[in-house]
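Labels below follow one simple rule: chain letters A, B, ... track the order of the sequence lines, proteins then strands, and each chain is numbered from 1.
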There are 2 protein chains.
Amino acid sequence: MNHEEQLEQIKHRVSEQIAENMKSYGFPGTIGRVIAAIYYEGRALDLDELAEQTGMSKTRMSQVLREMVHYNIAEKAFVRGSRKDHYTVEEDYYQTFISLFTSNWRDVVTRNRKIESRIMHDLKKITNDPTATEEIKEKAQLYIADSKASMAYYNWIEKLVELFESQQVFDIVPKPNPDQEKNEVPRFK
Amino acid sequence: MNHEEQLEQIKHRVSEQIAENMKSYGFPGTIGRVIAAIYYEGRALDLDELAEQTGMSKTRMSQVLREMVHYNIAEKAFVRGSRKDHYTVEEDYYQTFISLFTSNWRDVVTRNRKIESRIMHDLKKITNDPTATEEIKEKAQLYIADSKASMAYYNWIEKLVELFESQQVFDIVPKPNPDQEKNEVPRFK
DNA sequence: AACTTTATACAAAATAAAGTGTACGAATTG
DNA sequence: CAATTCGTACACTTTATTTTGTATAAAGTT
């Protein structure tokens, strides 16, 4: 294996590594391959190019990029002279990490608040029902307390999301070595 | 549907809700059902009881509980007079949240450090190879910079894990309403 | 030591998720 | 306005994960 091939192979290993990380985080590995492809090309790619680079179908690219846009880790880039959609990805690792988790957590909070409020409604109907026994009402009261505690917990997650999204987290846990390492965002290629 | 049944149905909805959350976080939904079952019973349960409560096979319970112990969200509880394994779960939502993510992130950091160090080794071999062209060496040098940046990033994640595990995160994002809500840990049942 | 009881390894089945190919509608071009 | 290009909806296939059933090993009991 010559040097050129060795470097290609390393690109491939990095790509797979990122894919594995995405899987660990509960996202499709293909997201990782897309990130790597765009990183290494160093420019916005269109769906055909991405399909080519990742060895996936164009259909799949369409799906994955939509997911990535939803998670705020990719965005359409305007490329003059082409009517294809081109995509760039967030190039700051830290930001990608933050976006993945915060958008996920935010979705969870939204969903759970809806469910909790419906449950709370049903429980209150029981505690206000004159035909319900004392025993039942007591139990319902306990569940109401649980539900309130859950709501408080979702508020906490929301606050946590804000800590990350506001970048305040970097005041608490600073990015390492801002002088020894390059100060700019790490870029591939 | 009578009141008793309504309360049962709410338990079931909460159970499914937690299951969905686990799926969102990239973990099997069954973990959520186990948490709910033990919460609602209010005591350590054995594998047979858990299988019964969650409607899963005993085999699956064995697997899931092992996973949960690995993620630090369940532990074996000693129950005198029984030789079955009994399990309790972490009852503090916040702690469960923290454990799930930190153990996951920690695994990612460990795995990636190993891979990066192997990649770094291969790249250094190229930069030190007298038969390699200048162009190749330059490219390798760029990849080395990338790899260093990645390492720094994994250090950051590790620090983030420490922020959560040390409970310091609660100094930054406090648990809400420590007086209005009950001060103790929320408990089901 | 034979008999239970319990947990889990292993293979197979069921379910869920990822990925593909065709087809169609919207936008663009000639 | 016919022809082309592009993205994606939809139905389908493939692959991966979850879950089960059987079999076995380890530990406890008689």
Discussion item. So Gly26(A), base contact, sugar-phosphate only, or nothing? Heavy-atom distance under 4.0 Å.
Written reply: nothing
Worksheet item: In the 5'-to-3' direction, what one-character label does each nucleotide of nucleotides 21-30 of chain D receive under the scheme B = base within less than 4.0 Å of a protein heavy atom, S = sugar-phosphate only, - = no such atom?
Response: BB-----S--
Worksheet item: Where do Thr133(B) and His3(A) land on the side chain to side chain contact (heavy atoms under 4.5 Å, CB included) test, with the steps shown first?
Response: CA-CA 9 Å; Thr133(B) 70; His3(A) 291 139; over 6 Å; no
Worksheet item: Is the shortest side-chain N/O distance from Arg66(B) to OP1 or OP2 of dA9(C) below 4.0 Å?
Response: yes
Worksheet item: Is there a side-chain polar atom (N or O) of Thr30(B) under 4.0 Å from OP1 or OP2 of dT19(D)?
Response: yes
Discussion item. Both Pro28(B) and Lys58(A) contact DNA chain D. Which one's nearest nucleotide lies toward the 5' end?
Written reply: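 By nearest-heavy-atom nucleotide position, the 5'-most residue is Lys58(A).
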Worksheet item: Which residue, Lys23(A) or Ser62(A), contacts DNA chain D at a nucleotide closer to its 5' end, judged by nearest heavy atom?
Response: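 Whichever sits nearer the 5' end wins; that is Ser62(A).
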Separation of [X] atom [atom1] from [N] atom [atom2], in whole Å?
X        : N       : atom1 : atom2 : answer
Asp85(A) : dA27(C) : CG    : C1'   : 11 Å
Phe27(B) : dT18(D) : CZ    : C1'   : 16 Å
Met22(B) : dT18(D) : CE    : C1'   : 17 Å
Lys84(A) : dT28(C) : NZ    : C1'   : 14 Å
Leu45(A) : dG7(D)  : CG    : P     : 13 Å
Met68(B) : dA7(C)  : CE    : C1'   : 17 Å
Tyr87(A) : dC6(D)  : OH    : P     : 13 Å
Met61(A) : dG7(D)  : CE    : C1'   : 14 Å

Worksheet item: Do Lys84(A) and Glu49(A) sit within salt-bridge range, that is, some charged N less than 4.0 Å from a carboxylate O?
Response: no
Practice prompt. Before accepting this row, confirm whether a basic side-chain N of the pair Glu8(A)/Lys11(A) lies closer than 4.0 Å to the acidic partner's carboxylate O.
Written response: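 The answer is yes: the pair qualifies as a salt bridge.
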Discussion item. Assigning hydrophobic clusters by single linkage (Ile, Leu, Val, Met, Phe, Trp, Tyr; side-chain heavy-atom cutoff under 4.5 Å), is Leu123(A) placed with Met151(A)?
Written reply: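 Cluster IDs for Leu123(A) and Met151(A) differ.
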Worksheet item: Do the ring planes of Tyr25(B) and Phe97(B) sit parallel (below 30°), tilted (30 to 60°) or perpendicular (above 60°)?
Response: perpendicular
Worksheet item: Between Met120(A) and Glu116(A), does a side chain to side chain contact (heavy atoms under 4.5 Å, CB included) hold up when you go through it step by step?
Response: CA-CA 6 Å; Met120(A) 190 67 102; Glu116(A) 287 298 341; 5.9 Å; no
Pair up each side-chain donor or acceptor in residues 157-164 of chain B with any protein partner under 3.5 Å, not counting sequence neighbours, and list the distances.
from	atom 1	to	atom 2	distance (Å)
Glu158(B)	OE1	Arg113(B)	NH2	2.9
Glu158(B)	OE2	Arg113(B)	NH1	3.1

Discussion item. What verdict does the side chain to side chain contact (heavy atoms under 4.5 Å, CB included) test give for Glu16(A) and Arg33(A), after you've listed the backbone C-alpha separation in whole Å, the side-chain angles of each residue and the deciding distance to 0.1 Å?
Written reply: CA-CA 7 Å; Glu16(A) 284 311 303; Arg33(A) 294 190 193 94; 2.8 Å; yes
Worksheet item: Can you tell me how far the CD1 atom of Ile98(A) sits from the CG atom of Asp92(A), to the nearest 0.5 Å?
Response: 8.0 Å
Worksheet item: What are the residues of residues 46-54 of chain B, sorted by number, that bring a heavy atom to within less than 4.0 Å of DNA chain D?
Response: none
